[in-house]
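For reference, the structure discussed in these notes is given below.
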Amino acid sequence: MGTAPVADGGAVTDVPASRAPDPDGESTRWAVFLQLLVFAGVGFLFNLVYAGLFVGLRDVADAQWANAISLVLSTIAGTAGHRRLTFGVRGRARAVRHQALGLGMLAFGLAVTASSLWLLEVASESPTRRAELAVLVGANLFVGLVRFLAFRSAMVPATPSQ
């Protein structure tokens, strides 16, 4: 995303452009919007990984197990991808904290997706694979938005006080 110079008590430091002071807020909103687009792109790729794993595992496991295994594997890889590509975080600093947050979001995502599958199973005695995937896509879109907000809060430094 780049950095922007910010005066801090006479010294000028670089902070992520998405957190630089912006009197009217327009450039900050634009930076957050662009970050959300990158997050969505990276998330889309890892949702394809998730869907591929789910479909492949669904032949050998029931929907709940296929969902859980697919979520764990795609979440670990996705958190690393978001750190680097979406938020520009490199190196090992805070990596454990970010992966812990990713796993916390996994628990949230698993609760939402498992509940969604359960509701589908209650509504339809024998749901099709297509119906299962449609329900999971919708649930994961919601989970993705919550993930973005949580990751952004943890991975983008706070605006320095003026």
Say whether [X] and [Y] are linked into one hydrophobic cluster, either directly or through other cluster members, by side-chain heavy-atom distances under 4.5 angstrom.
X	Y	result
Leu34	Val42	no
Leu145	Val32	no
Phe54	Val137	no
Leu136	Val112	no
Leu37	Leu85	no

Nearest 0.5 angstrom please: [X] [atom1] to [Y] [atom2], how far?
X	Y	atom1	atom2	result
His82	Arg147	NE2	CZ	5.5 Å
Leu101	Ser153	CG	OG	8.5 Å
Met155	Thr86	CE	OG1	8.5 Å

Residues Val135, Leu119; criterion side-chain contact (heavy atoms from CB on, under 4.5 Å); working and verdict: CA-CA 9 Å; Val135 164; Leu119 288 172; over 6 Å; no
Evaluation steps, side-chain contact (heavy atoms from CB on, under 4.5 Å), between Phe44 and Asn47: CA-CA 5 Å; Phe44 177 76; Asn47 273 307; 5.6 Å; no
Find out whether [X] and [Y] are in side-chain contact, i.e. whether some heavy atom of one side chain is under 4.5 Å from a heavy atom of the other.
X	Y	value
Val89	His98	yes
Val156	Gln35	yes
Leu71	Asn140	yes
Met105	Leu110	no
Trp65	Leu57	no
Arg83	Arg90	no
Thr79	Phe151	yes
Ile69	Gln64	no

Which atom of Glu121 lies closest to which atom of Pro127, heavy atoms considered: CG-CG, 4.3 Å
Looking only at heavy atoms, the pair that brings Ala139 and Thr113 closest together is CB-CG2, 4.0 Å
Counting distance only, does the side-chain N/O of Ser124 pair as donor-acceptor with the main-chain N or O of Leu120 below 3.5 Å? no
Testing Asn67, Leu48, Leu73 one by one against Leu53 for a side chain to side chain contact (heavy atoms under 4.5 Å, CB included), which residue passes? Leu73
Carefully, step by step, assess Glu132 and Arg58 under the rule side-chain contact (heavy atoms from CB on, under 4.5 Å). CA-CA 11 Å; Glu132 289 173 345; Arg58 188 59 180 93; 3.5 Å; yes
Using 30° and 60° as the class boundaries, would you call the ring planes of Phe142 and Phe108 parallel, tilted or perpendicular? tilted
Please name the residue in the list Phe33, Phe46, Phe148 that meets the ring-ring contact (aromatic ring centres under 6.0 Å, His included) test with Phe39. Phe148
